[in-house]
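If you read the sequence from its start, that first residue is 1, and numbering goes on from there. Only heavy atoms go into these numbers, but all of them, side chains included; no hydrogens, no water, no symmetry mates.
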Amino acid sequence: MELLNEIWQTARRNKLRTALTGFAVAWGIFMLIVLLGAGNGLINAQMEQSDRFLSSSMVVFGGQTSKPYNGLQEGRNIRLQQRDIKTTGEEFTGVIDNVGAQYRTAATISLGQQYISSQIAGVYPNHTQIDKVQMLYGRFINDIDIREKRKVLVLSNKQAAELASPSATIVSGRSNEAPSGAVGGAGASLIGRFVNVGSFAFKVVGIYKENENGRADAFSSYTAIKGIYGANTDDAGRIEFTFHGLTTEEANEAFEADYRARLNASHQAAPDDESAVWLWNRYTQNLQMETGIGIIRTALWIIGLLTLLSGIVGVSNIMLITVKERTHEFGIRKAIGAKPWSILRLIIVESIIITTLFGYVGMLLGIGANEWMNATIGHTKVDAGLFKAAMFVNPTVGIDVCIEATLVMVVAGTVAGLIPAMKASRIRPIEALRAE
């Protein structure tokens, strides 16, 4: 208790010095936590978006030729056709697992007096695996729907809730109310009912959870939508498939080149024309994202550690000056019988208390700044084309990192004061008393 009182009296006599020491400690830890938190927020946002899709999957789009070939000029629009789906499924069985396709159209979905406008995506059963659709009620599109061209519909929970109104007419008479408190609410009662899609009656067979960052589509069987809205064309829409065995970027690039060349050949486009057929490869996208995330993490740690180092340097300099200024005091202590260890203990305890106290303050401020970012910027979304993406997701730092950073600062401040204190404790009283 006496030691603590002595430290308190010393701090009161040297308010500016104590404040500067504390600021150096708090600022270093604060900046480290904020930088790492902001970086983690960016990384988590990217990871959240990548988790929306199966990494071992590709989506194929028709494009536009960028070079002349076989006497045909560049600039021709390429539309994928039914033969391209067959080619994908039959000629690349060594790599490709499940082949599907999407045929999209816009339509009005109505039930009684309620209606919504939505994109309708005719898909195969593998779409729920590729785009990770989370079902809440009922089921997704199955193989029987595809084979029999069933007019079935899978709605998002928000779409279903808009259509499920007391004034809506019940066509089938069947009701499947949602469990009390369940996600999806009254919209789950649409399961088994018929709704109008344009002038056609479709049976609602499932409700899925709408992603807040995405664009909500209604899903139906590919064959039904293609048969209604694309019966007079050979247009296949877009192709999507899962694959295996492509575990490196080089293997993916080689497969893409072979696959693109094969599809380009069927459309009279140059084999190496990457604009004729577009490939969205989620695996290589994830590889590139992981590389970028690794670079960001490294850069953040380097910048954070340099910031922490600046705080350590500041603390070290102030502690060196502090010990030098107190050489005269130490001489008096030794002259009246103080042991060298008592002087060392005084410096060590004072350094630990100051760095721990202000380090804790810096840690709390850093955590508060991260929470503020999460409450403000974290709710901001930007339009990424197919979906809206969050800028920050959970921009926080683990408590272990906060504690470790504080401990580093405590140890650095203690060592910085210990070295000159050891020298001062060994000085003879007469020399110490002569010090200015």
Side-chain angles (χ1 to χ4, degrees), residues 53-105 119 121-131 141 143 146-147 217 219 221-227 229-288 385-386:
F53 309 108
L54 179 68
S55 61
S56 57
S57 65
M58 294 190 196
V59 182
V60 188
F61 305 83
Q64 189 177 71
T65 58
S66 61
K67 58 181 70 175
Y69 184 73
N70 280 352
L72 300 174
Q73 294 183 346
E74 70 274 15
R76 292 183 295 116
N77 291 324
I78 302 297
R79 290 183 176 274
L80 299 178
Q81 299 180 350
Q82 295 299 312
R83 66 173 183 268
D84 296 319
I85 301 178
K86 184 177 180 181
T87 297
T88 302
E90 294 180 355
E91 298 186 18
F92 296 90
T93 54
V95 173
I96 294 177
D97 298 318
N98 298 316
V99 180
Q102 286 189 47
Y103 196 89
R104 307 177 69 87
T105 187
Q119 284 282 322
V123 297
Y124 280 75
N126 68 338
H127 181 79
T128 186
Q129 177 187 7
I130 292 173
D131 274 12
I141 309 302
D143 292 326
I146 298 295
R147 185 170 60 251
D217 295 326
F219 297 104
S221 65
Y222 178 86
T223 48
I225 297 300
K226 179 70 172 65
Y229 296 98
N232 298 325
T233 70
D234 199 34
D235 181 15
R238 63 183 68 167
I239 301 172
E240 53 187 10
F241 57 84
T242 59
F243 61 85
H244 66 276
L246 304 178
T247 57
T248 64
E249 191 168 354
E250 292 74 17
N252 278 270
E253 290 176 353
F255 169 78
E256 288 181 22
D258 291 341
Y259 180 73
R260 182 182 287 108
R262 179 63 184 87
L263 261 59
N264 283 0
S266 68
H267 293 277
Q268 293 294 302
D272 59 345
D273 190 348
E274 297 184 0
S275 297
V277 174
W278 290 87
L279 300 180
W280 181 8
N281 188 337
R282 274 77 179 267
Y283 191 87
T284 54
Q285 182 183 22
N286 278 5
L287 288 177
Q288 294 167 357
L386 294 177

Could you grab the distance from atom [atom1] of [X] to atom [atom2] of [Y], nearest 0.5 Å is fine?
X	Y	atom1	atom2	answer
Gln285	Ser57	CD	OG	9.5 Å
Asn281	Asn286	CG	CG	9.0 Å
His267	Tyr69	NE2	OH	13.5 Å
Ser55	Leu287	OG	CG	8.5 Å
Gln81	Asp235	CD	CG	8.0 Å
Trp280	Glu240	CH2	CD	10.0 Å

Where [X] and [Y] come nearest, the two heavy atoms and their spacing:
X	Y	value
Thr247	Tyr283	O-OH, 3.0 Å
Trp278	Gly63	CD1-CA, 3.6 Å
Lys67	Glu74	N-CB, 3.4 Å
Leu263	Thr88	CD1-OG1, 4.5 Å
Val60	Leu80	O-CD1, 3.3 Å
Ala236	Ile85	CB-CD1, 3.8 Å

(request) Go through Thr233 and Lys226 one step at a time and tell me if the side-chain contact (heavy atoms from CB on, under 4.5 Å) criterion holds. (result) CA-CA 9 Å; Thr233 70; Lys226 179 70 172 65; 4.0 Å; yes
(request) Going by the side chain to side chain contact (heavy atoms under 4.5 Å, CB included) test, name the single residue among Arg282, Gln102, Met58 that passes it with Ile130. (result) Arg282
(request) Just do the side-chain contact (heavy atoms from CB on, under 4.5 Å) check on Phe255 and Ile96 with the steps written out, would you? (result) CA-CA 10 Å; Phe255 169 78; Ile96 294 177; 4.0 Å; yes
(message) Ignoring hydrogens and geometry beyond distance, is a side-chain donor-acceptor pair present between Asp273 and Asn264 at under 3.5 Å?
(response) no
(message) Strictly below 4.0 Å, N to O, side chains only: are Arg79 and Asp84 in salt-bridge contact?
(response) no
(message) Quick check on ring pair (Phe, Tyr, Trp, His ring centres under 6.0 Å): which of Tyr103, Tyr222, Phe219 does Tyr124 satisfy it with?
(response) Tyr222
Under 3.5 Å: donor-acceptor pair, side chain of [X], backbone of [Y]:
X	Y	value
Thr242	Asn98	yes
Thr65	Gly75	yes
His127	Ala101	no

(request) Decide yes or no for Pro125 and Asp143: does some side-chain heavy atom of the first lie under 4.5 Å from some side-chain heavy atom of the second? (result) yes
(message) Between Val277 and Phe61, is there a side-chain heavy-atom distance shorter than 4.5 Å?
(response) no
(request) Would you please indicate yes or no on a ring centroid separation below 6.0 angstrom for Phe243 and Phe92? (result) no
(message) Going by salt bridge (Lys or Arg N to Asp or Glu O under 4.0 Å), name the pairs with one or both residues in residues 246-262, residues two or more places apart or in two chains.
(response) Glu91-Arg262
(message) Taking ring-ring contact (aromatic ring centres under 6.0 Å, His included) as the definition, give me every residue that meets it alongside Phe241, ordered by chain and number, with sequence neighbours left out.
(response) Tyr259
